[in-house]
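These notes are about the structure you will find just below.
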Amino acid sequence: MPAAVPPSGIYVPAVLFFKENEDFDVPAIKSHVLRLAQGGVTGIVVQGSNGEAQHLSHDERKEAISLTRKTLDENGFQNVVIIAGCGAQSARETKKLCADAKDAGAAFVLVLTPSVWPGDMTKENIIRYHREVADYSPLPYMVYNFPTVTAGIDLDSDIILTLSEHPNIVGTKLSCGNVGKLHRITSVKPPSEFCTLAGVSEVLLQGLLSGSAGAIAALPNLVPKLHMKMYALYQAGKIDEAMKIQAQLGQGDWATRKAGGVGAMKTLISKHFGYGEIHVRRPLMAVAQLSGTYVDKLEELIASEKML
């Protein structure tokens with residue numbers, strides 16, 4: 001029997017807050033999870049790229065998931081879904097992370113393609129790898145395509161559709177931002193069968209109009225309510241109104257990358273929402289001072305968020 005498919009909607013790969021000594025800042029992590037849930041998001045990705053997953057030990061990964069699940073449950077958000085990033089550079093370690101994710105309270109896993117040896121990652125080897133790990137995974141499995149962090153390895157629609165036939169592979173996140181690829185997948189596999197999610201806010205509405213199930217995107221870390229408003233307008237058929245917000249989200253996505261990515265988001269969250277500090281784990285760089293056109297654009301978005 002095929003595994004359950006994630007519900008359609010907006011998911012956010014939550015940033016993870018640290019103290020100056022790089023230990024977890026537990027109160028800030030809990031505050032962030034709660035603000036995202038109160039903003040209406042469908043689910044939270046723990047240990048995504050924005051959560052600095054590659055900088056965490058196995059025990060820290062489990063702690064981040066369990067802390068997120070506990071925070072949601074204690075505040076009445078039992079229906080908010082947790083997806084755990086579980087990609088590693090070997091099938092053996094990825095299987096361990098998938099098992100740990102289930103133990104810690106995740107509902108789905110999201111797995112990158114290994115990339116230390118990109119020349120060896122042929123189409124056949126990519127398919128073999130994901131099938132092997134999905135066979136083992138105790139949780140439904142999503143394929144994560146993000147060429148920027150996988151040495152340029154970019155899974156095409158043929159590979160993803162082949163993997164979609166596996167009974168435990170239930171979706172994909174496309175951080176490549178390729179709407180044509182997304183549409184090729186959704187035209188064969190609707191969201192009720194396979195959860196195809198855009199990986200960036202700048203193509204959120206374009207993806208929805210092409211049949212996607214929604215998005216897993218970084219920008220909702222700053223403006224979850226604005227994303228949910230746009231999603232509600234889309235669901236109500238108010239496409240012109242939704243497109244106006246989509247234009248803002250597209251500008252915000254670009255501004256986030258140009259302003260400093262993860263470090264910039266933490267600084268803006270600390271400044272505007274009153275929790276967390278700016279610390280990141282090396283080799284990322286903290287962004288202590290923010291200024292310029294891109295920051296102005298993000299602060300305009302945050303002002304809109306606070307009006308909702």
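Bear in mind the structure is a predicted one, so any value in this text is a computation, not a measurement.
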From the list Val12, Leu222, Asp253, side-chain contact (heavy atoms from CB on, under 4.5 Å) with Ser201 holds only for Asp253
Run the salt bridge (Lys or Arg N to Asp or Glu O under 4.0 Å) test on Asp100 and Lys96 for me, step by step, so that the C-alpha distance in whole Å, both residues' side-chain angles and the decisive distance to 0.1 Å come before the verdict.
CA-CA 6 Å; Asp100 286 349; Lys96 172 68 164 56; 2.8 Å; yes
From the list Asp73, Val33, Leu16, side-chain contact (heavy atoms from CB on, under 4.5 Å) with Thr68 holds only for Val33
Heavy atoms of Ala288 and Thr267 approach each other most closely as O-CG2, 4.3 Å
Could you check whether Glu305 pairs with Lys229 (Lys NZ or Arg NE/NH1/NH2 to Asp/Glu carboxylate O, under 4.0 Å)?
no
- Heavy-atom side-chain contact between Thr94 and Tyr129 under 4.5 Å: yes
Return yes if some donor-acceptor pair links the side-chain N/O of Asn221 with the main-chain N/O of Ala218 below 3.5 Å, else return no. yes
Leu112 and Leu163: same hydrophobic cluster, using ILVMFWY side-chain contacts below 4.5 Å?
-> no
query: Any Lys/Arg nitrogen of Arg257 or Glu202 sitting under 4.0 Å from an Asp/Glu carboxylate oxygen of the other?
result: yes
- Quick check: does any side chain N or O of Asn168 sit under 3.5 Å from a backbone N or O of Ala134, one acting as donor and the other as acceptor? yes
*asked:* Salt bridge or not between Glu74 and Arg69? Use side-chain N to carboxylate O under 4.0 Å.
replied: no
Contacts of Lys244 meeting salt bridge (charged side-chain N to carboxylate O under 4.0 Å, His left out) (sequence neighbours excluded), chain-then-number -> none
Residues joined to Trp254 in its hydrophobic cluster, side chain to side chain under 4.5 Å directly or through other members, sorted by chain and number, are Tyr294
**OP:** Determine, using the 4.5 Å side-chain heavy-atom cutoff (strictly less than), whether Leu249 and Leu208 are members of one ILVMFWY cluster.
**Re:** yes
Give a yes or no on whether the backbone of Ser57 and the side-chain of Glu60 come within a donor-acceptor separation of less than 3.5 Å. yes
ask   = With side chains defined as the heavy atoms from C-beta onward, is the minimum distance between Pro283 and His55 less than 4.5 Å?
value = yes
In this structure, would Phe18 and Val15 fall into the same cluster of hydrophobic residues linked by side-chain contacts under 4.5 Å? yes
task = Would you confirm whether Arg61, through its side chain, and Gly85, through its main-chain N or O, come within 3.5 Å as a donor-acceptor pair?
result = yes
query: Should the pair Glu22-Arg282 be classified as a salt bridge under the 4.0 Å nitrogen-to-oxygen rule?
result: no
Take a 6.0 Å sphere around NZ of Lys19 and say whether it holds more than 12 heavy atoms from other residues, nucleotides or ligands. no
Electrostatic pair Glu165:Lys189 at N-O distance under 4.0 angstrom = yes
Next item on the list: Determine yes or no for a side-chain-to-main-chain donor-acceptor pair under 3.5 angstrom, with Lys102 supplying the side chain and Val109 the backbone.
Entry: no
Hey, does the side chain of Asn145 reach the backbone of Ser175 with a donor-acceptor pair shorter than 3.5 angstrom?
no
* Cluster link Phe108 to Tyr141, ILVMFWY, side chain under 4.5 Å -> no
*asked:* Regarding Arg184 and Asp156, does a basic nitrogen lie under 4.0 Å from an acidic carboxylate oxygen?
replied: no
